[in-house]
Amino acid sequence: SQQGEEDPQALSIQEGENATMNCSYKTSINNLQWYRQNSGRGLVHLILIRSNEREKHSGRLRVTLDTSKKSSSLLITASRAADTASYFCATSAGNTPLVFGKGTRLSVIA
Amino acid sequence: GAGVSQSPSNKVTEKGKDVELRCDPISGHTALYWYRQSLGQGLEFLIYFQGNSAPDKSGLPSDRFSAERTGGSVSTLTIQRTQQEDSAVYLCASSLSQGAETQYFGPGTRLLVL
């Protein structure tokens with residue numbers, strides 16, 4: 001299965017700290033994406049990293065991709081209470097639907 | 001429209017009843033996806049449409065589940081003879097095309113089968 005798996009399942013940090021979430025997957029991919037979900041509702045696309053990229057930044061987000069280890073990490077710097085949500089990685093292998101992991105539940109305590 | 005919309009937001013039904021869930025994708029998006037998310041779990045892929053056709057129905061959990069899309073726009077997911085294990089949030093997403101990189105999600109329909 002191509003499915004990504006996030007680690008840890010849950011993470012609790014203080015406001016201002018950095019949060020790091022990891023994702024592992026099993027097969028070759030074209031790109032890997034991170035999504036955020038608040039309160040069990042719709043997901044919002046955060047960032048995409050292609051298989052030939054190693055690192056990407058967007059605001060307080062930093063994503064890395066190691067295709068040799070089939071893993072990615074999402075770093076949120078200077079976290080805020082509003083960052084509290086579930087974060088999912090999703091992998092794309094071309095002309096097939098995205099495959100989502102089970103997510104990491106992040107709690108940022110003010 | 002401005003975003004993907006889904007209706008109803010919440011649905012409570014009795015075991016054995018049929019339910020229809022609706023998804024209205026972003027205008028111009030040809031690809032449409034249905035997912036199911038049980039409490040505290042990840043997204044389970046159900047089906048996707050490219051235009052009006054559904055090349056991949058392998059994710060549908062049973063023959064009680066069906067989906068259609070007409071006019072390349074609105075899609076309906078139907079669950080017949082609902083069971084308690086069907087209780088979940090049903091999420092719809094759309095993208096410009098099946099190979100497009102970003103999916104845009106609707107707010108979901110929370111289904112509770114009593």
Side-chain angles (χ1 to χ4, degrees), chain A residues 1-11 21-26 29-53 56 58 61 63 65 85-107, chain B residues 2-10 21 23-26 29-50 54-60 67 87-112:
Chain A
S1 160
Q2 180 187 321
Q3 184 173 26
E5 292 191 6
E6 290 89 344
D7 164 57
Q9 290 186 350
L11 178 63
M21 289 160 271
N22 303 296
C23 171
S24 60
Y25 57 92
K26 296 180 180 177
I29 60 172
N30 287 356
N31 66 66
L32 185 144
Q33 306 176 34
W34 285 91
Y35 286 78
R36 166 193 165 126
Q37 183 181 37
N38 287 80
S39 304
R41 288 299 194 175
L43 280 70
V44 175
H45 181 263
L46 295 177
I47 195 166
L48 178 151
I49 186 164
R50 301 182 196 285
S51 60
N52 62 353
E53 297 176 311
K56 205 160 183 181
S58 176
L61 304 180
V63 170
L65 179 65
S86 290
Y87 292 82
F88 294 87
C89 69
T91 52
S92 171
N95 230 24
T96 55
L98 289 178
V99 178
F100 287 82
K102 294 186 178 180
T104 292
R105 293 187 305 280
L106 174 65
S107 298
Chain B
V4 178
S5 60
Q6 292 185 245
S7 62
S9 297
N10 296 281
L21 312 179
C23 173
D24 202 339
I26 293 173
H29 281 195
T30 63
L32 185 148
Y33 311 83
W34 284 99
Y35 298 89
R36 178 169 72 174
Q37 186 178 32
S38 300
L39 187 64
Q41 298 298 310
L43 274 69
E44 175 188 3
F45 169 75
L46 298 179
I47 189 171
Y48 87 93
F49 290 88
Q50 179 59 43
D56 185 358
K57 300 181 180 179
S58 62
L60 294 176
S87 297
V89 176
Y90 289 81
L91 292 162
C92 173
S94 70
S95 62
L96 275 172
S97 65
Q98 199 285 313
E101 294 170 333
T102 299
Q103 293 186 13
Y104 298 84
F105 281 80
T109 293
R110 183 164 284 134
L111 175 66
L112 178 60

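Quick note on labels: first sequence line is chain A, next is B, and so on, each numbered from 1.
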S.K.: Between A/Gln37 and B/Gln37, is there a side-chain donor-acceptor contact under 3.5 Å, judged purely by atom types and distance?
M.R.: yes
S.K.: Give, for atom NZ of A/Lys102 and atom CD of B/Gln41, the distance between the pair rounded to the nearest 0.5 Å.
M.R.: 5.5 Å
S.K.: Side chain, backbone, both or neither: which part of A/Leu48 has an atom under 4.5 Å from a heavy atom of chain B?
M.R.: side chain
S.K.: Side chain, backbone, both or neither: which part of B/Tyr35 has a heavy atom under 4.5 Å from chain A?
M.R.: side chain
S.K.: Can you check whether A/Leu98 reaches B/Leu43 side chain to side chain, under 4.5 Å on heavy atoms?
M.R.: no
S.K.: If you draw a 6.0 Å radius around CD in A/Glu53, do more than 12 non-hydrogen atoms from other residues or ligands fall strictly inside?
M.R.: yes
S.K.: Are there more than 12 heavy atoms of other residues, nucleotides or ligands under 6.0 Å from atom CZ of B/Phe105?
M.R.: yes
S.K.: Tell me which of these, B/Gly59, B/Ala31, B/Gly42, has more heavy-atom pairs under 4.5 Å with chain A than the rest.
M.R.: B/Gly42
